[in-house]
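Single-structure report; data block below.
Just so it is clear, the values below take in all heavy atoms, side chains as well, and ignore hydrogens, waters and symmetry mates. In what follows, chains are A, B, ... by sequence order, proteins preceding strands, each numbered from 1.
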Amino acid sequence: MKDDENAVNAYMIRLELIDEPGELLRSLRPISENGANLLSIFHERGSVTPRGHIPVEVDLEATESQYEAIVADLQNGGINVIQAGEERYSESLVCVLSGHIVDTDLSDTLSQIQDGSNATVTDLSLSAPQGTRNTSSARLRLAVEEGGVSETLETIRGIADAKDLHLIEPLTRGEL
Amino acid sequence: MRLAIVGAGVVGRAVAELAVDRGHEVVAVADSSSAVVADGTDGRDAGVDPDAVVARKAKRGIVGNDEPADALAADYDALVEATPTTLGDAEPGFSHVRTALERDRHAVLANKGPVAERFGDLRSLVDDSDGEIRFEATVGGAMPVLSTIADHGPAHVTAVRGVLNGTANFILSRMAAEGLDYEHVLAEAQDLGVAEADPSFDVDGTDAALKCVILANVLSFGAADDPADAREFTLDDADIEGIRNVAGSALDLASEDGLTVRLIGEVGDDSARVAPRLVKRDSPLSVSGTTNAVRIETASAGTLTVSGRGAGGPETASAVLMDLNRLP
């Protein structure tokens with residue numbers, strides 16, 4: 001049992017960093033602080049996401065508990081973890097919710113999605129051109145366990161129905 | 001080929017004009033209250049003169065001095081059914097087609113009603129007739145969607161997804177491009193004549209859903225060894241959501257992520273569904289304006305994409321002419 005706990009595995013973590021000085025260093029600190037071994041960093045500065053973020057891929061060696069602590073520290077530090085691990089979160093899903101996003105407790109909506117499916121919300125954008133009292137929209141990006149897209153969408157559909165939000169689903173099958 | 005054209009609206013008239021141009025003979029034209037059946041006195045040796053029909057319709061509101069039933073009884077090889085789409089019992093279009101088939105004549109439909117709402121009944125009539133039916137014009141206007149499926153074999157088509165309504169696509173693509181709200185763009189579309197005064201058939205997804213139902217029937221009956229085992233679809237079997245609730249802010253957020261929203265009809269897995277969906281901005285389905293686009297997913301030929309004009313008189317008539325060429 002003790003052997004398993006101390007077994008070292010290779011993990012990959014994909015991040016999206018804000019284009020500000022010190023962000024890369026800040027994103028790597030949890031790795032050393034948790035005693036993991038950094039294998040490689042792929043940091044393509046020229047390539048930016050549509051929102052101006054910089055994608056970074058980090059390979060590391062760690063025990064499972066070290067790895068989990070690293071991901072938690074990154075998320076608590078406000079760093080966008082797009083994908084983590086090998087098997088978990090292998091599929092990505094985008095959807096848009098419209099309606100009274102804020103008045104229907106956005107935070108509760110996100111918690112319900114994560115609690116009701118094998119998915120984690122990795123990114124959130126909000127647009128409320130007329131203020132949050134009027135119709136606003138939220139774009140959610142979720143990392144979903146392999147094969148869990150249909151189930152996750154089913155969960156979100158139910159939550160949207162209950163909160164009277166309009167859900168726009170992605171065209172997931174075939175090519176988006 | 002000798003044709004009887006039932007329905008003298010934009011499509012019926014365009015079929016009459018194109019058919020004569022392409023060497024067919026129009027022996028009868030009918031609208032809901034009148035008809036003209038060729039008797040050699042219509043300014044030509046034989047056949048109905050389409051220009052004379054259009055002139056009479058404009059001037060006197062009738063296509064000729066005969067009764068609609070006379071057109072159905074005329075001596076034609078193929079009946080072109082181009083009356084407006086009706087739901088439920090799909091009448092009077094269904095009876096027009098039945099009359100042709102019972103007389104062992106072919107029928108080509110531009111009217112979606114009979115193929116969407118009574119596909120099984122039509123199949124039974126075809127089984128008992130020497131005539132055949134074709135209905136390319138009912139799905140995607142000028143685009144060769146049904147003929148592509150027929151060529152590959154419905155059993156080898158795994159799914160069909162596409163933009164099947166030009167009005168809804170015009171509205172969504174204008175909303176995305178200009179950052180305007182639904183109501184604003186709808187009013188603009190109505191001014192341009194792209195949307196009807198009552199746009200519900202288009203913006204609520206009904207029109208796209210009828211096309212999906214037709215596709216679902218074609219795939220279901222085409223793949224079944226015995227038609228009795230095939231699942232028949234009607235509009236009630238489709239899961240339909242329109243575009244009225246698509247917020248401008250939703251399109252903005254989609255755009256920031258390289259995506260956009262299109263009203264997509266989806267057929268496959270024994271289901272038919274229409275809903276606004278997120279698609280990549282560079283997807284073949286992310287067409288602009290009133291253009292339609294359809295992706296046909298096949299078992300062995302990969303995915304085929306067809307795009308083009310999904311509505312309009314000459315465009316829809318072209319599909320009818322294609323069907324006529326494919327009749328035996």
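The number of heavy atoms from other shown groups lying within 6.0 Å of CG (Asp225(B)) does not exceed 12. Within a 6.0 Å sphere centred on CD of Glu196(B), other residues, nucleotides and ligands contribute 12 heavy atoms or fewer. More than 12 heavy atoms of other residues, nucleotides or ligands shown are found within 6.0 angstrom of CZ on Arg26(A).
Scanning both residues, Leu126(A) and Leu253(B), for their nearest heavy atoms gives C-CD2, 4.1 Å. Between Glu241(B) and Leu167(A), the shortest heavy-atom contact is OE2-O, 4.2 Å. Shortest non-hydrogen contact noted between Asp181(B) and Gln130(A) is OD2-NE2, 4.2 Å. Taking both residues in full, the closest heavy atoms of Ala250(B) and Ile168(A) are given as CB-CD1, 4.0 Å, listed atom of the first, atom of the second, then distance. Across every non-hydrogen atom of Glu256(B) and Ser125(A), the tightest pair is OE1-OG, 4.2 Å. In this structure, Val94(A) and Leu278(B) approach most closely via the heavy-atom pair O-CD1, 3.5 Å.
Looking only at atom types and distance, the side chain of Ser127(A) has no donor-acceptor partner in the side chain of Ser249(B) under 3.5 Å away.
Contact residues of residues 95-107 of chain A toward chain B are Cys95(A), Val96(A), Ser98(A) (heavy-atom distance under 4.5 Å).
Using a 4.5 Å cut-off between heavy atoms, Arg281(B) does not touch chain A at all. In this structure, chain B has no heavy atom under 4.5 Å from any part of Ala128(A).
Residues forming a side chain to side chain donor-acceptor pair (under 3.5 Å) with Asp164(A) (at least two apart in sequence, or on another chain): none.
In this structure, the side chains of Val246(B) and His166(A) come closer than 4.5 Å at one or more pairs of heavy atoms. Side-chain contact between Asp257(B) and Arg139(A) is present, with heavy atoms from C-beta onward closer than 4.5 Å.
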### Query
Run the side chain to side chain contact (heavy atoms under 4.5 Å, CB included) check on Leu171(A) and Glu266(B) step by step: do they pass?
CA-CA 9 Å; Leu171(A) 192 59; Glu266(B) 194 174 15; 4.1 Å; yes
